[in-house]
Structures are given as C-alpha cells and as structure tokens.
Amino acid sequence: MKKIAFILVVVALMGFESGDKSADPKGNLTVTVTGIKASKGQIVFMLFNGADGFPKEVDKAFKKAYVKTFDDTATATFPQLPFGEYAISVFHDQNMDGEIKTNFMGMPKEPVGASNLTKMGKPSFKKCVFKVNEGEVALQLKFIL
C-alpha cells in the first residue's frame, strides 16, 4: 500500500511540474511606426499569431495596442509574448472609429503598415511573419499610404 501511495505522489508531482507554464520562454516586442503626418486620432497596432483576420480585422488580433498621444512616431510594446511566429499591422485611425477606412475598391483611405511590408499591396500573414524568439524584439514600420 505504501508503494502505491508513493507512486501516486510521484505521478501527481510530475503532473504539476509539467503543467507549470511559467517556464515557457517569453519575449517583449516593441513596435515603432514612423512617418505619421497628422496628429489627430489614434494609432492602432494589431498583433496576429495566425492568418485569420490579418491584416485588418481588429477583433481577431491576438493583442492590440492603441496609442493616442504621438508626434511623427508612435511606439507600442507587447510584453511577455510566448515565443513563436507573429505578424503586425498598424493603421492611423484618424476618425477614431476603430476600423480601417477603405474606398469602394477596398483600398485603405487611412495610413496603414505591416511588418515586412515595403510597398503597396495587400499583405499576407505569410509575407509579414516574424519571430519572437528572444527576450527583446524591436521592429520599425513605416506607413505605406
């Protein structure tokens, strides 16, 4: 009986140890967008950990940050992210409606940007992906529009 009790205690302790997620590696991501031409509205940073909703569905973003005080640059930090692949999109929400304003063809009417994006065109998660695989990761983006 003592042997069974000992085995149960060991198994229980192993279960608690393997369930400890505090040991999972995490990093901080700092994103700066440059080239802001107007000081009205807010800058919306959207961090995605998958393709669903990327680049413009705010409600599907893994994490979001809203910067309301800025000049020609704005910075957002996403602390304690699990190591992995992410993509970021950002837009200047000039009218504060929380959405990217587009024309009848779906082209943005407000300045937009995304990680790894260097020219106009619809960004895909695959093209914009980057890794958080160390303690501190910094990205710098420019608005395309």
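- Looking only at side-chain heavy atoms (C-beta outward), Leu141 and Thr34 stay at 4.5 Å or farther from each other.
- By the ring pair (Phe, Tyr, Trp, His ring centres under 6.0 Å) test, Phe48 is found to be paired with Phe54, residues two or more places apart in sequence or in another chain being considered.
- Pairs of residues two or more places apart, or lying in two chains, never qualify as side-chain hydrogen bond (donor to acceptor under 3.5 Å, both in side chains) while including a residue from residues 108-117.
- Sorted by first and then second residue, the salt bridge (Lys or Arg N to Asp or Glu O under 4.0 Å) pairs with a member in residues 73-82 form an empty list; sequence neighbours excluded.
- Residue Val137 is grouped with residue Val33 when hydrophobic side chains (ILVMFWY) are merged at heavy-atom distances under 4.5 angstrom, including chains of intermediate members.
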Under 3.5 Å, which donor-acceptor pairs link side chains of residues 79-87 to any protein atom two or more places apart or in another chain?
residue	atom	partner	partner atom	Å
Tyr86	OH	Pro82	O	2.6

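- The side-chain hydrogen bond (donor to acceptor under 3.5 Å, both in side chains) analysis of residues 135-145, with sequence neighbours excluded, yields the pairs Asn28-Glu136.
- Residues satisfying the side chain to side chain contact (heavy atoms under 4.5 Å, CB included) test with Pro111, not counting sequence neighbours, are His92, Gln94, Phe143.
- Annotation: side chain of Ile88 is in contact with side chain of Leu139 (closest heavy-atom distance under 4.5 Å).
- In terms of hydrophobic clustering, with Ile, Leu, Val, Met, Phe, Trp and Tyr side chains grouped at heavy-atom distances under 4.5 Å, Val31 and Leu117 are assigned to different clusters.
- The side chain to side chain contact (heavy atoms under 4.5 Å, CB included) check on Val44 picks up Gln42, Met46, Tyr66, Phe91, Asp93, with sequence neighbours excluded.
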In residues 96-103, what donor-acceptor pairs under 3.5 Å come from side-chain atoms, sequence neighbours left out?
residue	atom	partner	partner atom	Å
Asp97	OD1	Glu99	N	3.0
Asp97	OD2	Asn95	ND2	3.4
Asn103	OD1	Met105	N	2.9
Asn103	OD1	Gly106	N	3.1
Asn103	OD1	Met107	N	3.0

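- No side-chain heavy atom of Val112 sits less than 4.5 Å from a side-chain heavy atom of Val90.
- Partners of Thr32 by side-chain hydrogen bond (donor to acceptor under 3.5 Å, both in side chains), not counting sequence neighbours, listed by chain and number: Thr75.
- Legend: salt bridge (Lys or Arg N to Asp or Glu O under 4.0 Å) pairs involving residues 32-52, not counting sequence neighbours, sorted by first then second residue: Asp52-Lys60.
- No side-chain heavy atom of Lys64 sits less than 4.5 Å from a side-chain heavy atom of Leu47.
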